[in-house]
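To start, the structure itself, in structure tokens.
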Amino acid sequence: MHGRQSEPVVEKSLVKTECFLGFGLFSKLKVFYSGWIDSMQKNRTSSFLILITALFAVVSGLYLLVGGIWLAKLGGSIYYIVAGLVMLITAWLLYRRRATALLLYAVFLLATVIWALWEVGTDFWALTPRLDVTFFFGLWLVLPFIYRKLVANGKLAYGALSAVLVFTVAVLAYSVFNDPQEIHGTLDAAQTQAVVDQAADGADWPAYGRTQEGTRYSPLKQINDKNVSQLKEAWTFRTGDVKTANDPAEITNEVTPIKIRDTLYLCTAHQKLFALDAATGKEKWQFDPELKSDSSFQHITCRGVSYHETPAAAQADAAGTPPAQCARRIILPVNDGRLFAVDAETGKRCADFANNGELNLQSNMPYPTPGHYEPTSPPVITDSVIVIAGAVMDNYSNREPSGVIRGFDINSGKLLWAFDPGSAEPNKIPADEHHFVPNSPNSWAPAAYDAKLDMVYLPMGVATPDIWGGNRTPEMERYASGLLALHASTGKLAWFYQTVHHDLWDMDIPAQPTLADITDKDGKKVPVIYVPTKTGNIFVLNRTNGELVVPAPERPVPQGPAKGDFLSPTQPFSELTFRPEKKLTGADTWGATIYDQLVCRVMFHSLRYEGTFTPPSEQGTLVFPGNLGMFEWGGLAVDTDRQVAIANPMALPFVSKLIPRGPGNPIEPDENAKGSGSEVGIQPQYGIPYGVTLNPFLSPLGFPCKQPAWGYISAVDLKTNQIVWKKRIGTVRDSSPIPLPFKMGMPMLGGPVTTAGNIFFIGATADNYLRAFNVSNGDKLWEARLPAGGQATPMTYEVNGKQYVVISAGGHGSFGTKLGDYIVAYALPDEATK
């Protein structure tokens, strides 16, 4: 009865499908299904299971066959065609109840394992989408209720498939412990101990990178590789600053607090300034600049604040008298284009600075639209000058504010000098009726400062819009996407080194550079500056003159610009680098299963990609390293005593696609147009011939289309410029639908800090953890679960004889981590510090 009722429905569906596809395959499938329905009357349970198994094989086979043909036409692997055919034949043999289905599948699974090893080697996470479905389907076939219902040489087929399944498990097990992406080296332990014993005291963390040299290195060693596993939460402070309905998606908590004497100073996403007791985390005071945020802002971000102390403050301390008001002051940048000077002791405005403690950075700015110019990083502070730069909204318009860099008097707020990178006369200060140059290249990441040379080093971006540059003037190109060295007292040019010529990929320098004196192979001390870039190159320059210390030869790059644009024929490639050695291929694509990996392979071969610096296109260009960059604003942590750098590079491709002007894509905005509140998705680029879409290279399921790892930690010996070790970091616990702690190597926003205790700390990853690692070999020594995303760089200090480690755990809106308002401190138990 069941078969007779179902048959007309099955037949009607098959006729529709046959008409759609235009061939007779489904006529045969109709007989196949009808036969199974009849056989179910005799053995309902086993027939149903075999029917379901065969149906799965049919659907999989058709999907793989059709997708495989599409991929092959694009020049990709023919494996998926073979896999589709094998699955369809296997389904037919199952229908006939032939044990040869198992034998055929055994041969196919063995061939798949060999093919997978040939494509990706013993990389477990690269093997999984090739073997997960194929393995589990084979395992299903050898279950008793399947194979015992098959006839003809069943034992032989069962044995063959079982043996291949065991072999597959062995390959996967071996690959877990033999990751070809990791480098396992060890720094000399004897050298480590000698340096630790000589380390100087460093109780404070007075600047964003601990020093304005940007080292992110502390000589403290109370917490070390022997006892870090005993770290416990010491205190937690909640700022109360959370996302509001008026905020954009890109609301972030990226602050690295600073610590002076017994007080921590930090800013929140909305630039509220807090002073906390460094020992207890209790609030001393807060200052609210009353930021008027808007969902059109591209960022709501504060990475940190700066500190200045007059000689009179130290004299007052020595005399045992209270210092004068604002003898110690905090300098706070605000995203709407203001700068505040606040008394470090009381939280009150410094009345003698600018307008009652408030400086308007929009003065003499062209197009001073709120949110289009945003100082997001702490300024450099010299004895007498505040050096401040800021972000300009990316990819919105060719009529944006200037990226001008300015020097203001630390006491009065008076403008002392300007350097406008897009001006023919960069040091010219506009009169009241004139403005700085619109869309000048900007510097949004923290700068570094050499007090002895009186030089400030600014990581430069590109003139916006970023992804098409046919209208850029030579002045706009001159100081774009490179490292700019200025004399801090005057703003005069010292030197400039360009890391990307005619940048069309948003490959700005995204991080604070790091200063160090390194012993070269001849035993000489060289004053260098390390410049990590989005391309994965770390440029190493003599900071006195900008000359290369590590070679970075110019190499040919892909050509063929978009209409109206042009390209540089070559780009510099540093020999100290984390960039990929080879171009990506279809074999580097990924997915959770064979099905979405096939989609990613089709997408990959549909895009324009000829390696690093493939130009933007209307076809769609795969950008790798991607717009997020291999290095972001976290920068390097450099142990200047040991001459070792800790890095956390990423590897996540993006896709850019130029959209020609036309219906629905006007060249000029309407009067109510606003920014998108994000750096991804559709970017209008008003005023030039193209809009653009910028997105991570993801599968339809939302998984990255490039195989893991997407994030690493690594150590570089700065005496030899060799990578000593490199390991994956981060799990999918907070990213996947099921919270599994699989260590795949996750994307990051934030950086490491290292100490004389042979350890370094890092949050940053897309899972909510703060971790500690051994500097010598990269082994994980400790981790703590954070209450929200840790997309910030931690810091460490000492107060009352105890060392603390502190991180902001507030998450990152567009990065997708959990938002919060936490500042969390960790320390050793009292008995462990003795």
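Looking only at distances, no side-chain donor or acceptor of Glu632 sits under 3.5 Å from a matching main-chain atom of Gly750. Here the side chain of Thr215 pairs no donor or acceptor atom with the backbone of Thr640 at under 3.5 angstrom. When atom types are taken as modelled, the side chain of Lys452 and the backbone of Met455 share no donor-acceptor pair closer than 3.5 angstrom. Counting only distance, with no hydrogens or angles, the side chain of Glu575 and the backbone of Pro553 share no donor-acceptor pair below 3.5 Å. Not a single donor-acceptor pair under 3.5 Å links the side chain of Asn439 to the backbone N or O of Met476. Of the possible donor and acceptor atoms, none in the side chain of Trp633 sits under 3.5 Å from a partner among the backbone N and O of Gly635. Proximity of a side-chain donor or acceptor of Arg472 to a complementary backbone N or O of Thr464 within less than 3.5 Å is not detected. With hydrogens and angles disregarded, a donor-acceptor distance shorter than 3.5 Å links the side chain of Asp588 to the backbone of Thr585. With Ser306 contributing its side chain and Val380 its backbone, the two residues share no donor-acceptor pair below 3.5 Å. Gln181 places a side-chain N or O within donor-acceptor distance of the main-chain N or O of Ala709, the cut-off being under 3.5 Å.
Of the residues listed (Asp394, Asn395, Thr621), the one engaging Ile467 in a side chain to side chain contact (heavy atoms under 4.5 Å, CB included) is Asn395, and it is the only one. With Phe760 as the fixed residue, the side chain to side chain contact (heavy atoms under 4.5 Å, CB included) test singles out one of Val753, Ile713, Thr755: Ile713. With Tyr449 as the partner, the side chain to side chain contact (heavy atoms under 4.5 Å, CB included) test is satisfied by one option alone out of Val387, Asp454, Ile381: Asp454.
We find the OG-CG distance between Ser617 and Asp565 to be 12.0 Å, quoted to the nearest 0.5 Å. Note that the CG atom of Leu504 and the OG atom of Ser656 stand 9.5 Å from one another [nearest 0.5 Å]. Between the CD1 atom of Ile529 and the OG1 atom of Thr544 there is a distance of 11.0 Å, given to the nearest 0.5 Å. Here the straight-line distance linking atom CZ of Phe742 with atom OG1 of Thr731 works out to 10.0 Å at 0.5 Å rounding.
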Check: Is there a side chain to side chain contact (heavy atoms under 4.5 Å, CB included) between Tyr208 and Arg216 once you walk through the steps?
Finding: CA-CA 8 Å; Tyr208 171 78; Arg216 277 163 287 281; 3.8 Å; yes
Next item on the list: Start with the C-alpha distance between Tyr609 and Leu584, add both sets of side-chain angles, then the distance that settles side chain to side chain contact (heavy atoms under 4.5 Å, CB included), and finish with yes or no.
Entry: CA-CA 9 Å; Tyr609 176 69; Leu584 293 178; 3.7 Å; yes
Next item on the list: For Tyr497 and Phe539, run ring-ring contact (aromatic ring centres under 6.0 Å, His included): C-alpha distance rounded to whole Å, both residues' side-chain angles, the deciding distance at 0.1 Å, then the answer.
Entry: CA-CA 10 Å; Tyr497 179 83; Phe539 292 90; 5.5 Å; yes
Next item on the list: Dump the intermediate steps for ring-ring contact (aromatic ring centres under 6.0 Å, His included) on Phe654 and Phe697, then the final yes or no.
Entry: CA-CA 5 Å; Phe654 267 57; Phe697 184 35; over 10 Å; no
Note to self: If you apply the rule side chain to side chain contact (heavy atoms under 4.5 Å, CB included), what do you find for Val540 with Val528, and how did you get there?
What the structure shows: CA-CA 6 Å; Val540 186; Val528 300; 4.1 Å; yes
Checklist line | Worked verdict on Glu182 versus Arg728 for side chain to side chain contact (heavy atoms under 4.5 Å, CB included) | finding: CA-CA 7 Å; Glu182 294 196 340; Arg728 302 176 191 243; 3.7 Å; yes
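Put simply, the side chain of Asp503 does not reach to within 4.5 Å of the side chain of Asp466, judged on heavy atoms. Val500 places a side-chain heavy atom less than 4.5 Å from the side chain of Met507. The closest side-chain heavy-atom distance from Leu567 to His501 is not below 4.5 Å. Within the 4.5 Å cutoff, no side-chain heavy atoms of Thr612 are placed close to those of Thr614. With contacts defined as side-chain heavy-atom distances shorter than 4.5 Å, the pair Val732/Met746 qualifies. Counting heavy atoms from C-beta on, the side chains of Leu187 and Val644 come closer than 4.5 Å. In this structure, the side chains of Thr499 and Ile509 come closer than 4.5 Å at one or more pairs of heavy atoms. Side-chain contact between Val716 and Phe578: present, with at least one pair of heavy atoms (C-beta onward) separated by less than 4.5 Å.
For the residue pair Thr570 / Arg555, no side-chain donor-acceptor distance below 3.5 Å is found, with atom types taken as modelled. No side-chain donor from either of Thr256 and Arg303 sits under 3.5 Å from a side-chain acceptor of the other. Donor-acceptor pairing under 3.5 Å is lacking for the side chains of Asn178 and Thr122. At a cut-off of 3.5 Å, with distance as the only test, a side-chain donor of Thr519 or Gln643 sits close to an acceptor on the other residue.
Electrostatic pairing of Lys743 and Asp767 does not count as a salt bridge here, judged by no charged N lying under 4.0 Å from a carboxylate O. Ionic pairing of Glu119 and Arg601 is present here: one or more N-O contacts between side-chain nitrogen and carboxylate oxygen are shorter than 4.0 angstrom. By the 4.0 Å N-to-carboxylate-O rule, Asp639 lies too far from Lys221 to be salt-bridged with it. Taking a cutoff of 4.0 Å between a charged side-chain nitrogen and a carboxylate oxygen, Lys727 and Asp179 do not qualify as a salt bridge. A salt bridge links Asp717 with Lys719: at least one charged nitrogen is closer than 4.0 Å to a carboxylate oxygen.
Ala494 and His487 make their closest contact through CB-NE2, 3.8 Å (heavy atoms, listed as atom of the first residue, atom of the second, distance). Across Cys600 and Trp590, no two heavy atoms sit closer than the pair SG-O, 3.3 Å. Taking each heavy atom of Arg130 and Ala587 in turn, the nearest pair found is NH2-O, 2.7 Å. Ser574 approaches Val550 most closely through the heavy-atom pair OG-CG1, 4.2 Å. Counting all heavy atoms, side chain and backbone alike, Gln619 lies closest to Leu607 at NE2-C, 3.3 Å. Among all heavy-atom pairs drawn from Trp725 and Asn774, the shortest one is CZ2-O, 3.9 Å.
Within 6.0 Å of atom NZ in Lys582, 12 or fewer heavy atoms from other residues, nucleotides or ligands are found, so the atom counts as exposed in its surroundings. The 12-atom threshold is not exceeded at NZ of Lys657, counting heavy atoms of other residues, nucleotides or ligands nearer than 6.0 Å.
Using cut-offs of 30° and 60° for the angle between ring planes, the Trp495 and Tyr457 rings count as tilted.
Note that Lys726 lies in the cation-pi zone of Tyr712, set by a 6.0 Å cut-off to the ring centre and a 45° limit from the axis. Geometric assessment of Arg771 against the ring of Trp782 yields a negative cation-pi assignment under the 6.0 Å and 45° thresholds.
Residues that satisfy the ring-ring contact (aromatic ring centres under 6.0 Å, His included) test with Phe613, not counting sequence neighbours, are Trp505, Phe573.
Ring centroids of Phe419 and Tyr479 are separated by less than 6.0 Å, placing the two rings close together.
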